[in-house]
Amino acid sequence: MNLSQYTFKKLNNLFPLPVHPFNLQNQGEKTYAQWQFEKGFESIKYYSPYVDSKEMFTNKKVLDVGCGAAGKSLYYSKQGASIVYGIDQISSYKEQADSLAEKLNLQDKFEFVIGSAINML
């Protein structure tokens with residue numbers, strides 16, 4: 001490491017980490033799945049002038065492609081979906097997703113699928 005790299009790394013330590021879900025998880029504040037769940041409304045807010053979230057989800061089957069740790073998938077379940085399938089290629093997200101589903105008592109309304117949506121064709 002040269003002097004300028006060392007200097008920039010030291011200067012970087014003077015600034016707080018940005019509020020980011022992975023930083024929150026690394027600091028033990030909340031999991032990525034919890035952060036996603038709390039931001040669930042953000043993913044549907046642009047539809048709210050046209051349709052109520054209960055109308056959007058109640059008794060519907062939902063596929064959430066690229067769901068990450070599935071926090072938003074679980075938010076959709078909480079809005080009344082009959083079942084939500086979350087699919088993501090990152091297998092380590094399954095544990096977080098299933099843990100949050102259990103915590104929210106949504107295990108029977110949610111299924112995490114490890115895989116690529118492109119292979120569903």
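Once rounded to the nearest 0.5 Å, the distance linking OG1 of Thr31 with CG of Leu100 reads 6.0 Å. Going from atom NZ of Lys10 over to atom CG of Leu14 covers 9.5 Å, rounded to the nearest 0.5 Å. Note that NZ of Lys9 is 13.0 Å distant from CG of Leu11, once rounded to the nearest 0.5 Å.
When the side chains of ILVMFWY residues are joined at heavy-atom separations under 4.5 Å, either directly or via intervening members, Leu104 and Phe41 end up in a single hydrophobic cluster. Val65 and Phe37 are members of different hydrophobic clusters when ILVMFWY side chains are connected at heavy-atom separations under 4.5 Å. Under the 4.5 Å side-chain heavy-atom criterion for Ile, Leu, Val, Met, Phe, Trp and Tyr, Val51 and Tyr75 are members of the same hydrophobic cluster.
Side-chain atoms of Gln79 do not come within 3.5 Å of backbone N or O of Lys54 as any donor-acceptor pair. Proximity of a side-chain donor or acceptor of Ser48 to a complementary backbone N or O of Lys45 within less than 3.5 Å is detected. At distances below 3.5 Å, not a single donor-acceptor pair connects side-chain atoms of Glu42 with backbone N or O atoms of Lys39. Checking side-chain atoms of Lys109 against main-chain N and O of Ser77 turns up a donor-acceptor pair under 3.5 Å. With hydrogens and angles ignored, the 3.5 Å screen pairs no side-chain donor or acceptor of Thr58 with any backbone N or O of Gly80. A donor-acceptor pair under 3.5 Å links the side-chain atoms of Asp88 to the main chain of Gly68, judged by distance alone. When atom types are taken as modelled, the side chain of Ser99 and the backbone of Glu95 share no donor-acceptor pair closer than 3.5 angstrom.
Here the side chains of Gln34 and Lys103 are in contact, with some heavy-atom distance below 4.5 Å. Under the 4.5 Å side-chain criterion, counting only non-hydrogen atoms from C-beta, Tyr85 is in contact with Ile83. Residues Lys60 and Ser82 fail the side-chain proximity criterion, which asks for heavy atoms closer than 4.5 Å. Side-chain contact between Glu38 and Lys30 is present, with at least one heavy-atom pair separated by less than 4.5 Å. For the pair Ile44 and Met56, the minimum side-chain heavy-atom distance is below 4.5 Å.
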Given side chain to side chain contact (heavy atoms under 4.5 Å, CB included), test Val62 with Phe57 step by step and report yes or no. CA-CA 8 Å; Val62 177; Phe57 293 107; 3.9 Å; yes
Derivation of the side chain to side chain contact (heavy atoms under 4.5 Å, CB included) call for Leu74 and Val84: CA-CA 7 Å; Leu74 292 165; Val84 177; over 6 Å; no
Could you pull out all donor-acceptor pairs under 3.5 Å where a side-chain atom in residues 111-121 meets a protein atom, sequence neighbours excluded?
unit_1: Ser116; atom_1: OG; unit_2: Ile118; atom_2: N; d: 3.3

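Gln107 pairs by the side-chain hydrogen bond (donor to acceptor under 3.5 Å, both in side chains) definition with nothing, not counting sequence neighbours.
Here the closest non-hydrogen pair linking Ala69 and Ala33 is O-CB, 3.5 Å. Closest approach of Ser73 to Cys67, counting heavy atoms only: OG-CB, 3.5 Å.
The closest side-chain donor-acceptor pair between Tyr76 and Ser43 falls under 3.5 angstrom.
Separation of the Tyr32 and Tyr93 ring centroids falls under the 6.0 Å cut-off.
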